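Report on the following structure.
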Amino acid sequence: MALATRKFDAVVVGAGGAGLRAALQLSEAGLRVAVLSKVFPTRSHTVAAQGGIGAALGNMGEDSWLWHMYDTIKGSDWLGDQDSIEFLCREAPKVVIELEHFGMPFDRNDNGTVYQRPFGGHMQNMGAGPAVQRSCCAADRTGHAMVHTLYQRNVRANTQFFVEWLALDLVRDASGQVLGVTALEMETGEVSILQARATLFATGGSGRMFQSSTNAFINTGDGLGMAARAGIPLEDMEFYQFHPTGVHGAGILITEGVRGEGGMLLNKSGERFMERYAPNAKDLASRDVVSRAMATEIKEGRGCGPGADYLLLKLDHLGPEVIDKRLPGIREISIKFANVDPVKDAIPVVPTAHYQMGGIPTNYHGEVIVPQGGNPSAVVPGFYAAGECACASVHGANRLGTNSLTDLVVFGKAAGDAVIRFLKENPGEKDLPADAAERTLTRLARLEAQKNGESVHEVGAALRRTMQAHCGVFRFPDMLAEGLHMIREVAERVGRVEIRDKSKVFNTARVEALELENLIEAARATMVAADARKESRGAHDRADFHRRDDANWLKHSLWYRDGDRMDYKPVNLKPLTAEPIPPKARTY
Amino acid sequence: MRISIYRYDPDQDARPYMKDYDVPVEPTDRMLLDLLVKVKALDDSFAFRRSCREGVCGSDAMNINGKNGLACITRIAELREPVELRPLPGLPVVRDLIVDMTQFFHQYHSIKPYLVNNDPSPELERLQSPADRAELDGLYECILCACCSTSCPSFWWNPDKFVGPAGLLNAYRFLADSRDQAANARLDDLEDPYRLFRCHTIMNCVDACPKNLNPTRAIGKIKEMMVRRTV
């Protein structure tokens, strides 16, 4: 079957922070760009980010991008690539100032500069402390302010959006070059090929693989699934961040900004237990450290409530003025989802799945890289990735709070620039291979014809249960081995999912089935990589290998879908211009 | 709990109809969206939009027992049974609870929803006092869910000409920004019997906004600015 083909200079898939920042770069360069998004851009999950965007502006006191770089490397437990991290931290002030110029409504200091709040793991003097205020924020709605501002700027630039289009598969030719994507227009059910000389993924994370997650329904790892099916490995997927403070029972995020503004965690005796785990940084230690401390408190019976299964986040001592000015959204969420007004009472919280450190391997230009012929970082021509779906790798084994938004704009912009350079240097258009849409059409045909299969709901629930129970904050060898077996079984069930709805018009059953085919790839990668990594580092904590093992494991994981196998590549410990920061013990 | 849902698939149905679902409410179910996910598990042909499930993305706006709201922050305990769900009023229905929002976004785009400042960009941020920044509170938080505009009779009658409460709230967000330099052009554009002045302060928008914003107040402020610049 021949599909309608539309041609562009560049296709951007995803319209959250990274996709919108990249699109802006491309539109303003006068290129013909198509931005596909399965939801209206401002509904992307960036909108839910709360606490701020990290950049060493130094508005609140002395700060430097070098200190930011040190904190990010230490936060990453030395798994982050130091060239990418230097780039992130040096560019951060520029992109934040740019956002301000675009109109983003940052909070302000009395002297009119952008207000910055403290956040976990951000320190002065190369980690020595004291804490530094580096998180530029718009109350506790920073992601909302950012994604709306970037969308607005794209309206001004006349960017062409394809709203409620779901990208289905990458198109690659025999040489491996990426030539666009196949995509489904939800409203009509039509499938077409969007041919482009450059394809940029900004598809976000895969947080819906866990039962209890701060993530939106749409975070199904679509870019990861597409990349994996097209033969691209996924990097460092075993590192999944559990945010310390999700609302108990509901999973809704409570920003680290609460602790930044002075909130603290308490156990059932009212003890500020973080003092025992991180004597210096206390409640503002790195997220993996705080989440593990909380899980330990609960495990050892010091949790609160009838089930002793949560801890309390106390902030009433900040006073209603500070709460209403700096944390109004948190007050709203607490009242709605926890029946608690934080002006008076503490919020029940638990560590909750939040952020995927790994993703599609890229360099700091946003170019997708794979090992090839002895080169661990060979560029895949025509393919770019930025934001949570990508692994640059700036977050390594644990992301520092505020660095996700920084990542989106720094690498969204850098990837846009890299696309512009590539298009200039490669003006010719390559022909689509004859089988460009074959994978997509096979998947769709299977789904239409499937009989006696299980529902998306059942299989999706099994996937989430498996990941939650077998690949959580603490990882045990027997549970991982069993989880590996179970997730492979779930993968087979995904291949037999049946939908009853066969309508062409806005068929959300079909969309959910296709999303599940992406989510399972991300979940498999996570479980297989977690089972394979025999050490504890950052967010990956193994009961049987309790220490970081730099001699054997200071390396990035690569999971290949073909053969369900692992490979590894070295970590780049050399910054672009700064002195390298060699691994050392990590305490807060 | 019984939920009665407006169903229409132009691919299959000659006309829309209401369909009843009985879903068990468990103690962990808090919001209406939790029940809609259960309905979807029973009947995968039921189509609705959802994403963040915490009231910030604006996807799951619908008409709930006669009033517009977001399913994800509408408490089950506060709902009258049977719960009647219909698509947002006044916009064309694509399918079930999914409406075509083209007209709504067209109006949003028409107010030039971006900062205009033609001065050369300074090296650092443009300064803004906390008081000037506070002028944007209650405006920038709009999530474009369309609960307000689709509860407004003036928007039902003239969706092509009246900007509507969401668009006007956003217009004022830029008029109120001390960094914006296009106030005159923005006011010229709105000084029109339809674009702004179709608002008859019915105030359905204020009642409907799930974020407790006040478009009517913003519209009043725009009118004040118009008066002020003529005297």
Side-chain angles (χ1 to χ4, degrees), chain A residues 39-40 42-45 47-48 57 59 96-98 100-103 105-115 138-139 141 143-145 148-149 151-153 155-156 187 189 216-218 249-250 252-253 329 332-333 336-337 455-458 499-501 503-509 512, chain B residues 9-12 28 30-31 37 40-41 43-59 73 75 94-96 98 100-101 105 108-109 112-117 121-130 132-133 136-137 140-144 173-174 177 179-180 211-212:
Chain A
V39 294
F40 183 78
T42 62
R43 321 245 188 261
S44 307
H45 192 55
V47 79
L57 298 182
N59 285 354
V96 167
I97 293 300
E98 223 166 45
E100 195 284 325
H101 293 167
F102 293 167
F106 284 109
D107 284 6
R108 300 290 173 152
N109 294 307
D110 286 339
N111 66 3
T113 56
V114 169
Y115 168 74
R141 305 186 179 100
H144 173 283
H148 279 259
T149 301
Y151 176 68
Q152 291 161 352
R153 196 71 180 183
V155 170
R156 178 178 176 269
E187 186 173 333
F217 279 101
I218 56 172
I252 311 283
L253 174 68
E332 200 180 316
I333 285 171
K336 285 205 170 94
F337 287 94
S455 71
V456 173
H457 179 77
E458 286 169 275
I499 54 171
R500 279 165 288 172
D501 185 3
S503 170
K504 274 191 143 358
V505 181
F506 225 113
N507 187 326
T508 49
E512 288 184 15
Chain B
D9 174 3
D11 211 21
Q12 327 262 340
T28 48
R30 174 177 290 270
M31 301 295 178
V37 170
K40 179 85 176 156
D43 177 356
D44 73 2
S45 72
F46 165 48
F48 64 106
R49 294 185 175 108
R50 83 286 180 269
S51 182
C52 74
R53 57 83 170 95
E54 58 185 69
V56 295
C57 82
S59 296
I73 51 172
R75 284 194 180 157
V94 175
R95 178 177 173 175
D96 300 343
I98 295 175
D100 178 352
M101 297 186 67
F105 287 124
Y108 172 64
H109 295 154
K112 297 201 166 63
Y114 43 82
L115 191 82
V116 176
N117 185 316
S121 289
E123 222 170 290
L124 298 175
E125 64 266 57
R126 293 196 170 97
L127 300 180
Q128 185 174 47
S129 71
D132 281 343
R133 166 59 184 76
L136 308 181
D137 286 338
Y140 83 93
E141 301 95 322
C142 173
I143 58 173
L144 300 176
R173 177 249 172 275
F174 290 98
D177 196 320
R179 301 168 295 175
D180 190 84
K211 303 306 284 182
N212 297 317

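Quick caveat: nothing in here was measured; it's all calculated off a predicted structure. Within every chain, numbering begins at 1; the chains are lettered A, B, ... in the order of the sequence lines, protein sequences first and strands thereafter. Values below: every heavy atom of this structure, side chains too, minus hydrogens, waters and symmetry copies.
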Inset, instruction - Would you please test B:K211 and A:E332 for salt bridge (Lys or Arg N to Asp or Glu O under 4.0 Å) and show each step? - result: CA-CA 9 Å; B:K211 303 306 284 182; A:E332 200 180 316; 3.0 Å; yes
Inset, instruction - Answer yes or no: is there a donor N or O on one side and an acceptor on the other, between the side chain of A:H101 and the main chain of B:L124, under 3.5 Å? - result: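 Judged by distance alone, yes, a pair lies under 3.5 Å.
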Inset, instruction - Verify, without hydrogens or angle tests, whether B:R133 (side chain) and A:F106 (backbone) share a donor-acceptor contact under 3.5 angstrom. - result: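 It does hold such a pair.
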Taking all non-hydrogen atoms of both residues into account, name the closest pair between [X] and [Y] and its distance.
X      : Y      : result
A:A216 : B:C52  : CB-CA, 3.7 Å
B:F48  : A:T508 : O-CG2, 4.2 Å
A:S503 : B:D9   : OG-OD2, 2.8 Å
B:V94  : A:F506 : CG1-CD1, 4.0 Å
B:S45  : A:D501 : CA-OD2, 3.4 Å
A:R43  : B:S59  : CD-OG, 3.1 Å

Legend entry - A:D110 atom CG, over 12 foreign heavy atoms within 6.0 Å: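 No, not enclosed.
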So which of [options] has the biggest tally of heavy-atom pairs under 4.5 Å with chain A?
options                      : answer
B:V37, B:T28, B:I98, B:D180  : B:I98
B:P10, B:P122, B:A47         : B:P122
B:D11, B:L115, B:L127, B:D44 : B:D44
B:D100, B:L136, B:I73        : B:I73
B:S129, B:S121, B:G55        : B:S121

Legend entry - Interchain contact, A:N111 with chain B, by part (heavy-atom threshold 4.5 Å):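 Backbone of A:N111 only, per the 4.5 Å heavy-atom cut-off to chain B.
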Legend entry - Proximity breakdown for A:T113 and chain B, heavy-atom pairs closer than 4.5 Å: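 Both backbone and side chain of A:T113 come within 4.5 Å of chain B.
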Checking [X] against chain A: side chain, backbone, both or neither under 4.5 Å from a heavy atom?
X      : value
B:F46  : backbone
B:E141 : both
B:K112 : neither
B:E125 : both

Strictly below 4.0 Å, N to O, side chains only: are [X] and [Y] in salt-bridge contact?
X      : Y      : result
B:E54  : A:K336 : no
A:R141 : B:D137 : no
B:R50  : A:E512 : yes

Working to the nearest 0.5 Å, report the span between [atom1] of [X] and [atom2] of [Y].
X      : Y      : atom1 : atom2 : value
A:H144 : B:C57  : NE2   : SG    : 10.0 Å
B:Y114 : A:Y151 : OH    : OH    : 12.0 Å
A:R108 : B:D132 : CZ    : CG    : 9.5 Å
A:R156 : B:H109 : CZ    : NE2   : 15.0 Å

Counting heavy-atom pairs under 4.5 Å with chain B, which one of [options] comes out on top?
options                       : answer
A:E98, A:H45, A:H457          : A:H457
A:P105, A:A48, A:G329, A:A509 : A:P105
A:V114, A:I333, A:T42, A:N507 : A:V114
A:L253, A:V505, A:V47         : A:V505

Legend entry - Contact check, side chains of B:R53 and A:F217, non-hydrogen atoms, under 4.5 Å: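 SC-SC contact between B:R53 and A:F217 confirmed.
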Inset, instruction - Check whether any side-chain heavy atom of B:R75 sits under 4.5 Å from a side-chain heavy atom of A:F337, and report yes or no. - result: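 A side-chain contact under 4.5 Å is absent here.
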Inset, instruction - Could you tell me which residues satisfy salt bridge (Lys or Arg N to Asp or Glu O under 4.0 Å) with B:D177, sequence neighbours excluded, listed by chain and number? - result: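 Partners of B:D177 by the salt bridge (Lys or Arg N to Asp or Glu O under 4.0 Å) criterion, ordered by chain and then number, come out as B:R173, B:R179.
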Inset, instruction - Using the six-membered ring wherever Trp is involved, compare the ring planes of B:F105 and A:F40 and label them parallel, tilted or perpendicular (cut-offs 30° and 60°). - result: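 Rings of B:F105 and A:F40: parallel, under 30°.
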Legend entry - B:R126/A:E100 under salt bridge (Lys or Arg N to Asp or Glu O under 4.0 Å): CA gap, chis, key distance, verdict: CA-CA 7 Å; B:R126 293 196 170 97; A:E100 195 284 325; 5.1 Å; no
Inset, instruction - Walk me through it: do B:R49 and A:V39 pass the test side-chain contact (heavy atoms from CB on, under 4.5 Å)? - result: CA-CA 9 Å; B:R49 294 185 175 108; A:V39 294; over 6 Å; no
